[in-house]
*Asks:* 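One structure follows; several queries about it will come next.
What you see is a predicted model, and the numbers here were worked out from it, not measured in a lab.
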Amino acid sequence: MGSATREALAGATARLSSVAGAVDLATGEELFAAGRIIGDSSHLLAALSDPGVEPAAKAALVRRLFGTGYSATTVDLLDTVVASRWSSKNDLLAGIEELGIRAVAFSAPSSMSIDRELFEFARAVTSDSSLELALGSKLGSTEQKRGLVERLLGGRASEQTVAIVRQLVTQPRGRRIGELIRYASTIVADEAGSRVATVTVATPLSSDRIARLEKALTGSYRVPVRINQVIDPTVVGGVRIQIGDDVIDGSVATRINDLRLQLAG
């Protein structure tokens with residue numbers, strides 16, 4: 001992520017926080033829909049992401065497109081997005097999507113664990129190649145994928161989780177669906193002031209070990225850290241921990257690979 005995008009995203013997130021009282025699930029859904037409309041038009045995307053176009057002209061375009069059908073809060077947030085400079089066109093689209101995910105997370109009660117629902121669904125998807133293909137294949141229609149999400153999650157997960165997954169299968173932009181859903185879970189956790197650690201092990205950790213690991217990571221990062229466990233026999237033993245861009249790799253598989261490289265050298 002370029003420095004321009006980081007700054008733009010920070011500004012958009014701050015704006016979202018400042019209008020939190022007016023944000024609801026519909027705000028997130030409208031941001032998702034706006035991102036899809038902008039992403040489906042190369043001319044529109046180019047105009048809104050061009051740093052040479054005056055912010056006032058971009059804001060006027062946003063209001064012509066969305067001013068009558070969308071809430072004032074959504075239009076205000078889109079104004080903030082297009083007024084900023086982004087490192088690339090795709091970053092602008094990703095920024096609108098992230099803002100939508102954060103808005104959806106805003107609308108959930110504190111007792112609801114959307115990040116855990118997302119991670120559990122991501123694990124189900126990545127462990128079932130036929131399901132991952134059905135949700136991520138370019139050959140399937142968008143309507144079929146959205147319908148599949150409704151059948152799989154409807155009544156079993158929160159409407160916030162369904163809304164996020166529905167967006168991700170509708171506009172994947174070349175990304176793998178399992179990774180997308182896991183990434184969305186980290187955004188939701190961040191919005192709640194916590195972090196998600198993906199812990200990969202060969203065999204399941206006991207609840208006591210998970211609790212100790214969460215406590216240690218919470219102490220290190222100084223924010224609540226939640227563990228999402230991935231079972232992968234190929235790591236052989238040990239543990240691999242990823243929190244955002246940080247990776248702590250103490251797996252046996254990596255040690256063996258390092259040893260092979262040393263012997264080969």
Side-chain angles (χ1 to χ4, degrees), residues 1-3 5-6 9-10 13 94 97-98 101-102 104-105 108 110-129 131-132 135-136 157-158 160-161 164-165 168 172 174-265:
M1 182 186 295
S3 58
T5 290
R6 277 196 294 273
L9 198 52
T13 303
E97 183 176 87
E98 178 167 334
I101 292 171
R102 290 181 183 275
V104 169
S110 58
S111 58
M112 188 178 290
S113 184
I114 302 174
D115 57 330
R116 195 171 293 280
E117 288 181 351
L118 287 169
F119 193 88
E120 290 300 328
F121 188 62
R123 185 159 57 184
V125 170
T126 53
S127 64
D128 186 335
S129 58
L131 177 57
E132 185 166 26
L135 291 172
S158 65
Q160 285 83 0
T161 293
I164 291 171
V165 176
L168 298 178
R175 304 164 295 178
R176 291 179 67 92
I177 189 64
E179 295 171 3
L180 269 181
I181 300 172
R182 274 199 296 275
Y183 180 63
S185 74
T186 66
I187 295 172
V188 171
D190 180 66
E191 195 54 54
S194 60
R195 303 288 295 273
V196 174
T198 300
V199 175
T200 306
V201 290
T203 56
L205 297 175
S206 67
S207 57
D208 184 54
R209 290 189 68 186
I210 290 175
R212 290 204 305 271
L213 188 54
E214 281 184 335
K215 184 177 180 181
L217 292 171
T218 295
S220 296
Y221 284 84
R222 299 184 179 182
V223 294
V225 176
R226 298 176 59 172
I227 301 292
N228 276 315
Q229 191 177 186
V230 174
I231 309 303
D232 180 1
T234 64
V235 302
V236 185
V239 61
R240 182 181 188 276
I241 303 170
Q242 179 165 6
I243 303 180
D245 294 332
D246 297 342
V247 177
I248 306 167
D249 196 340
S251 66
V252 172
T254 296
R255 289 181 217 156
I256 292 172
N257 189 52
D258 289 345
L259 182 59
R260 283 178 180 152
L261 291 174
Q262 289 174 19
L263 292 173

*Asks:* Do Gln229 side-chain atoms and Leu205 backbone N/O form a donor-acceptor pair below 3.5 Å?
*Replies:* yes
*Asks:* CG of Asp246 to OG of Ser220: how many Å apart, nearest 0.5 Å?
*Replies:* 10.5 Å
*Asks:* Between OG1 of Thr13 and CG of Asp190, what distance do you get to the nearest 0.5 Å?
*Replies:* 8.0 Å
*Asks:* What's the verdict on salt bridge (Lys or Arg N to Asp or Glu O under 4.0 Å) for Arg182 and Glu179, showing C-alpha distance, side-chain angles and the deciding distance?
*Replies:* CA-CA 5 Å; Arg182 274 199 296 275; Glu179 295 171 3; 5.2 Å; no
*Asks:* Between Thr218 (side chain) and Val225 (backbone), is there a donor-acceptor pair under 3.5 Å?
*Replies:* yes
*Asks:* Over all heavy atoms of both residues, which pair between Leu118 and Ile181 is shortest? Give the atoms and the distance, please.
*Replies:* O-CG2, 3.2 Å
*Asks:* Please answer whether the main-chain N or O of Ile227 pairs with a side-chain N or O of Glu214 as donor and acceptor at a distance below 3.5 Å.
*Replies:* yes
*Asks:* Might you point out which heavy atoms bring Gly178 and Ala122 nearest each other, and give the distance in Å?
*Replies:* O-CB, 3.7 Å
*Asks:* Please determine, by modelled atom types, if Ser206 and Asp208 share a side-chain donor-acceptor pair under 3.5 angstrom.
*Replies:* no
*Asks:* Determine, for Glu120 against Arg116, whether the closest basic-nitrogen to carboxylate-oxygen distance falls under 4.0 angstrom.
*Replies:* no
*Asks:* Donor-acceptor check, side chain of Ser194 to backbone of Ala189, threshold 3.5 angstrom: yes or no?
*Replies:* yes
*Asks:* When rounded to the nearest 0.5 angstrom, what distance separates CZ in Arg123 from CD1 in Ile231?
*Replies:* 7.0 Å
*Asks:* Taking all heavy atoms of Ile243 and all of Ala197, pick out the closest pair and write down the distance.
*Replies:* CG1-CB, 3.5 Å
*Asks:* For the atom pair CG (Asp128) and CG (Leu135), what is the distance rounded to the nearest 0.5 Å?
*Replies:* 9.5 Å
*Asks:* Using a 3.5 Å distance criterion without hydrogens, assess whether the side chain of Gln160 forms a donor-acceptor pair with backbone atoms of Ile114.
*Replies:* no
*Asks:* Which distance, rounded to the nearest 0.5 Å, do you find between the CZ of Phe121 and the OG1 of Thr161?
*Replies:* 10.0 Å
*Asks:* Above 12 or not: heavy atoms from other molecules or residues under 6.0 Å from CZ of Arg175?
*Replies:* yes
*Asks:* Quick one: closest heavy-atom pair of Leu131 and Ala124, and the distance?
*Replies:* CD2-O, 4.1 Å
*Asks:* Measure the spacing between CG of Leu180 and CD1 of Ile177 and express it to the nearest 0.5 Å.
*Replies:* 5.0 Å
*Asks:* Go through Leu217 and Ile241 one step at a time and tell me if the side chain to side chain contact (heavy atoms under 4.5 Å, CB included) criterion holds.
*Replies:* CA-CA 10 Å; Leu217 292 171; Ile241 303 170; 4.3 Å; yes
*Asks:* Judged by atom type as modelled, is there a donor-acceptor pair below 3.5 Å linking the side chain of Arg195 to the main-chain atoms of Arg222?
*Replies:* no
*Asks:* Could you check whether any side-chain N or O of Thr186 sits under 3.5 Å from a backbone N or O of Tyr183, counting only pairs where one atom can act as donor and the other as acceptor?
*Replies:* yes
*Asks:* For Ala184 and Ile101, work out which heavy atoms get closest and say how close.
*Replies:* CB-CD1, 4.0 Å
*Asks:* Minimum heavy-atom separation for Glu132 to Val125, with atom names?
*Replies:* CB-O, 3.6 Å
